[in-house]
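Have a look at the structure below, then the notes.
Order of the sequence lines fixes the chain letters, A, B, ..., with proteins taken first and strands second; residue numbering starts at 1 for each chain.
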2 protein chains.
Amino acid sequence: MVSARTIGRLSLYRRLLNEMQAEGALSVYSHDLAAKAGVTAAQVRRDVMSVGYTGSPTRGYSVPGLAEAIGEFLDAPEPQSVALVGVGNLGRAILAFFSGRRPKLSVVATFDSDPNKVGRVIHGCRCYAVDEIETRLAELGVGVAILTVPAGAAQEVAERLVRAGVKGILNFAPVPLRLPRTVFVEDIDMTVSLEKVAYFARQGAARKEWNR
Amino acid sequence: MVSARTIGRLSLYRRLLNEMQAEGALSVYSHDLAAKAGVTAAQVRRDVMSVGYTGSPTRGYSVPGLAEAIGEFLDAPEPQSVALVGVGNLGRAILAFFSGRRPKLSVVATFDSDPNKVGRVIHGCRCYAVDEIETRLAELGVGVAILTVPAGAAQEVAERLVRAGVKGILNFAPVPLRLPRTVFVEDIDMTVSLEKVAYFARQGAARKEWNR
DNA sequence: TAGATTGTTAATCGATTAACAATC
DNA sequence: TAGATTGTTAATCGATTAACAATC
């Protein structure tokens, strides 16, 4: 019912609200939050509406109240487990990036095809063989995966993940995955992104070329 | 005139065409390319139209011809230089990822505030002090930057890059940058992306929740 | 030719923006 | 109260999809 764009913005709002709360702010107006997030005030109001939270015309939104409401909307009741497949340079960096960042969403296992990596503990996470995906994921109850394997292996590994019960994939491999529509895939294609930036940097950009 | 979405898809099409060419394919129909890219055939036709290339009803598009047409449309006549700021785990992984991948778009300098990193050569790229951004970028004619610094430093470094003449930024720091509208910013916010995946993984996703 | 595909316009869809009465 | 902000609907905008005559 709620678009992927909206979900993305809500995630961002929450982070900004947490920062504001750490600075002692108790309430915030839609235009304040909008300015920090780089969107319009109307956008913020509409997004807030979609989580069913209401503010007050005099004080705006309660910072902790809205942060919590977004949390209830976005987060699962219980923490979700994440697997990371492909422990190369990028995989390790991403693992380090996420470790400890979101307690409700933690990487519990990694997988690689390199026998030298299997068995090691990297950033607090044990590395298993790719062959073990099916058994381990069922065991750990993993529904979300991060894919950081080389392009050539991506499709095959993705299918394996889906067979193991994964319902959502954050795909860093530069290949569009062909998967059942019931699996949500978010692509982060760094080459495409960099080419986009290079193109608009030349064109003078202008206009409002950001979709976030 | 052409949307950021379209530019992104064109970049993807080119990569797919290059792969097809390597496999010896001479021509391709819009629906073939569409299937590979995960979009509709009509979308492909419209995108191809926007680069001013035309195919033939009997043979579809020439694979090398279309790849070249997209190249002329996307690429600058001369190679563009890129700078990377923030040589942490993620920065180094991204540097490795891009090195040699696109000859028309190569990272020529990196910057970091850590004195231990300054002066070193990382993945073939010399690391300079952040204070040198203005002088080095002018010297090297850099218009595009990749930002992989911690959240707290991102805004300040970004402003510095803009002062040094950068017109486009690929921003991995989890902070919305406040910059002049003439600077194109593409945000890659991995936390937001992962939360999106986790959310839709629970919801059963379905529908067509991918925007690419 | 017959037939599938193209270029291109028109219809649809969805999301963003503007507007404003209700409200604290 | 007076005034700025909210919730919410209507208008706008832009992009995607459908459709189809033209074409090789």
Side-chain angles (χ1 to χ4, degrees), chain A residues 1-10 12-13 17 20 25-63 65-66 69-70 73 176 181 196 200 205-212, chain B residues 1-10 12-13 17 20 25-63 65-66 69-70 73 176 181 196 200 205-212:
Chain A
M1 206 72 86
V2 176
S3 78
R5 300 269 190 94
T6 302
I7 296 298
R9 284 191 302 259
L10 287 172
L12 177 60
Y13 298 160
L17 288 164
M20 294 172 73
L26 293 177
S27 63
V28 64
Y29 292 123
S30 59
H31 62 253
D32 287 333
L33 188 52
K36 280 182 197 286
V39 302
T40 64
Q43 185 70 272
V44 167
R45 293 211 297 277
R46 210 169 50 84
D47 291 338
V48 168
M49 255 181 63
S50 70
V51 314
Y53 189 76
T54 67
S56 124
T58 40
R59 260 158 303 162
Y61 302 105
S62 153
V63 169
L66 181 52
I70 293 175
F73 186 84
R181 306 220 115 215
K196 241 195 270 186
F200 286 108
R207 238 162 296 272
K208 42 171 180 173
E209 328 285 66
W210 47 12
N211 320 320
R212 195 177 308 285
Chain B
M1 207 72 86
V2 176
S3 77
R5 300 267 190 98
T6 302
I7 297 298
R9 284 191 302 259
L10 288 171
L12 177 60
Y13 298 160
L17 288 164
M20 294 173 73
L26 291 176
S27 62
V28 63
Y29 292 124
S30 59
H31 63 253
D32 287 334
L33 188 52
K36 281 182 195 285
V39 302
T40 64
Q43 184 71 272
V44 166
R45 294 212 297 277
R46 211 169 48 86
D47 290 339
V48 168
M49 256 181 62
S50 71
V51 315
Y53 190 77
T54 69
S56 124
T58 40
R59 261 158 305 161
Y61 304 105
S62 153
V63 169
L66 181 52
I70 293 176
F73 186 85
R181 306 219 115 213
K196 242 195 269 186
F200 286 108
R207 238 161 294 275
K208 42 171 183 174
E209 327 285 64
W210 47 13
N211 321 319
R212 199 178 305 283

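Heavy atoms only, all atoms of each residue included: B:V2 and A:F200 are closest at O-CZ, 3.7 Å. Nearest heavy atoms, A:A69 versus A:V51: CB-CG2, 4.5 Å. The shortest non-hydrogen separation linking A:D47 to A:L10 is O-CD2, 3.9 Å. Contact between B:A41 and B:S30 at its shortest, heavy atoms only, is CB-OG, 3.7 Å. Nearest approach of B:V63 to B:A25, heavy atoms of both residues: CB-O, 3.7 Å. Contact record, A:A4 with B:K196: O-CD, 3.5 Å, taken as the closest heavy-atom pair.
If you measure from atom CG of B:D32 to atom P of C:dA4, you get 15 Å, rounded to the nearest angstrom. The CG-P distance, from A:L10 to C:dA15, rounds to 14 Å in whole Å. Following rounding to the nearest Å, A:D47 (CG) and D:dT6 (C1') show an atom-to-atom distance of 15 Å. When the P atom of C:dT6 is taken as reference, atom CZ of B:R46 falls 15 Å away, rounded to whole Å. To the nearest angstrom, P of C:dT6 lies 11 Å from CG of B:L66. In this structure, B:Y29 atom OH and C:dG7 atom C1' are separated by 16 Å, rounded to whole Å. Going from atom CE of B:M49 over to atom C1' of D:dT17 covers 14 Å, rounded to whole Å.
Toward the 5′ end of DNA chain C lies the nearest nucleotide of B:Y53, the other residue of the pair B:Y53 and A:T40 mapping further downstream. Take the nearest nucleotide of DNA chain D for B:Q43 and for A:V28: the residue whose nucleotide is more 5' is A:V28.
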Derivation of the side-chain contact (heavy atoms from CB on, under 4.5 Å) call for A:I70 and A:Y53:
CA-CA 8 Å; A:I70 293 175; A:Y53 189 76; over 6 Å; no
Steps toward side-chain contact (heavy atoms from CB on, under 4.5 Å) verdict (A:R45, A:H31)
CA-CA 9 Å; A:R45 293 211 297 277; A:H31 62 253; over 6 Å; no
Between A:L33 and A:Y13, is a side-chain contact (heavy atoms from CB on, under 4.5 Å) present by the stated rule, with each step listed?
CA-CA 7 Å; A:L33 188 52; A:Y13 298 160; 4.3 Å; yes
Strictly under 4.0 angstrom, non-hydrogen atoms only: write out the protein contact profile of nucleotides 19-24 of chain C, one letter per nucleotide from the 5' end, B, S or -.
B---BB
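Counting non-hydrogen atoms under 4.0 angstrom, B:S30 reaches the backbone sugars and phosphates but no base.
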Return one dot-bracket line describing DNA chain C 5' to 3' (Watson-Crick or G-U wobble pairs, both distances under 3.5 Å; ( ) same strand, [ ] crossing, | another strand, . none).
..||||||||||||||||||||||
